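Quick note: numbers below take in every heavy atom, side chains included, and nothing from hydrogens, waters or symmetry partners. All values reported here derive from a predicted model rather than from experimental measurement. Heads up: numbering here begins at 1 and tracks the sequence.
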Amino acid sequence: MSEPKIHLFDGIPFVASPYERALVRHDVFSSQFRIICQGLLELPEDDPAYGTWWTAVTLLLGECGLIEDAVALAQDLVSNHTFDLDRASGELDFAPQVIRICDPHDRLVLAGDARCSTIAWCAPVGSDEEAATVATQARALHDEGSIEQGWDNYETAKSLWLQADLLRGRLVDPLWREHARKAITAPST
């Protein structure tokens with residue numbers, strides 16, 4: 001997608017939004033999509049003899065004005081393993097799991113599996129009926145994970161919950177479904 005056209009009104013830049021028939025203030029437009037990554041953060045134990053431990057966290061990776069730019073930025077950060085960690089507080093490493101791109105109203109625009117060096121983007125559902133089916137499947141996986149946790153099978157439970165999260169990644173808001181589909185099927189430049 002080409003860069004949207006910028007218009008000046010009283011010296012204030014506005015962008016012609018490619019997603020709706022509207023002009024949006026440039027500063028608002030350029031940060032309308034947040035890239036969020038759920039994953040595991042490695043931290044040192046208080047006593048170095050005991051090594052390190054991992055905890056689940058969510059990081060804000062960046063903000064973009066276009067879905068295609070958000071997809072490219074997320075892919076670049078994951079493939080180069082470039083995460084903004086606070087080394088001063090002991091953060092050692094980050095293992096990404098799920099990438100989400102959200103709009104300013106926290107609606108899901110796109111999601112993907114980030115456990116490998118390439119993000120496997122979740123195909124957005126095509127209809128409300130398909131969304132209901134996917135939501136039911138995700139709920140069943142989550143419930144199965146809860147049962148496994150009750151049996152002290154924590155790793156199995158975490159795996160099932162992650163599968164449910166990735167399945168829920170297909171539940172893109174209806175406003176963004178077609179735009180998201182185009183963004184992940186467009187050839188890379």
inquiry  = If I compare all heavy atoms of V172 with all of R177, which pair ends up nearest, and what's the gap?
reply    = O-NE, 3.0 Å
ask   = Taking all atoms of both residues into account, what is the closest heavy-atom pair of W53 and P44, and its distance?
value = NE1-O, 3.3 Å
In Å and rounded to the nearest 0.5 Å, what is the [atom1] to [atom2] distance from [X] to [Y]?
| X | Y | atom1 | atom2 | value |
| --- | --- | --- | --- | --- |
| E148 | N153 | CD | CG | 4.5 Å |
| C37 | L59 | SG | CG | 6.5 Å |
| I67 | D103 | CD1 | CG | 9.0 Å |
| F14 | D27 | CZ | CG | 8.5 Å |
| E144 | Q163 | CD | CD | 8.0 Å |
| C64 | R34 | SG | CZ | 12.5 Å |

For residues 76-85, which side-chain donor-acceptor pairs fall under 3.5 Å, sequence neighbours excluded?
residue, atom, partner, partner atom, Å
D76, OD1, N80, ND2, 2.6
S79, OG, Q75, O, 2.9
S79, OG, D76, O, 3.3
N80, ND2, D76, O, 3.2
H81, NE2, D93, OD1, 2.8
H81, NE2, F94, O, 3.2
T82, OG1, N80, O, 3.3

Can you tell me if [X] uses its side chain to pair, donor with acceptor, with the backbone of [Y] under 3.5 Å?
| X | Y | value |
| --- | --- | --- |
| R87 | L92 | yes |
| Y19 | L175 | no |
| R181 | P124 | yes |
| D10 | I12 | no |
| R107 | D173 | no |
| Q32 | G65 | yes |

task = Take I36 and C102 through the side chain to side chain contact (heavy atoms under 4.5 Å, CB included) test and state the conclusion after the steps.
result = CA-CA 8 Å; I36 301 162; C102 297; 4.2 Å; yes
request  = Show your working on side chain to side chain contact (heavy atoms under 4.5 Å, CB included) between I99 and W121 and close with a plain yes or no.
outcome  = CA-CA 9 Å; I99 293 278; W121 294 104; 3.8 Å; yes
For residues [X] and [Y], determine if any side-chain heavy atom of one lies less than 4.5 Å from a side-chain heavy atom of the other.
| X | Y | answer |
| --- | --- | --- |
| S159 | Y154 | no |
| L73 | I35 | yes |
| L160 | H142 | no |
| L166 | R115 | yes |
| V15 | K5 | no |
| V71 | I101 | yes |

Do we see a donor-acceptor contact under 3.5 Å between the side chains of [X] and [Y]?
| X | Y | value |
| --- | --- | --- |
| E42 | T52 | yes |
| S146 | D143 | no |
| D165 | Q38 | yes |

[Y] reachable from [X] in the ILVMFWY side-chain graph, under 4.5 Å edges:
| X | Y | value |
| --- | --- | --- |
| V109 | L167 | no |
| V57 | W54 | no |
| I184 | L171 | no |
| L66 | L23 | no |
| F33 | V24 | yes |

task = Any chance you could lay out the salt bridge (charged side-chain N to carboxylate O under 4.0 Å, His left out) test for E130 and R170, step after step, and finish with the verdict?
result = CA-CA 10 Å; E130 185 180 3; R170 297 193 58 213; 2.5 Å; yes
request  = For Y50, enumerate each residue passing the ring-ring contact (aromatic ring centres under 6.0 Å, His included) test, keeping only those at least two apart in sequence or located in another chain.
outcome  = none
request  = State whether the number of non-hydrogen atoms from other residues, nucleotides or ligands found under 6.0 Å of D46 atom CG is greater than 12.
outcome  = no
Enumerate donor-acceptor pairs with a distance under 3.5 Å from any side-chain N or O in residues 132-140 to protein atoms, sequence neighbours excluded.
residue, atom, partner, partner atom, Å
T133, OG1, E129, O, 3.2
T136, OG1, A132, O, 2.9

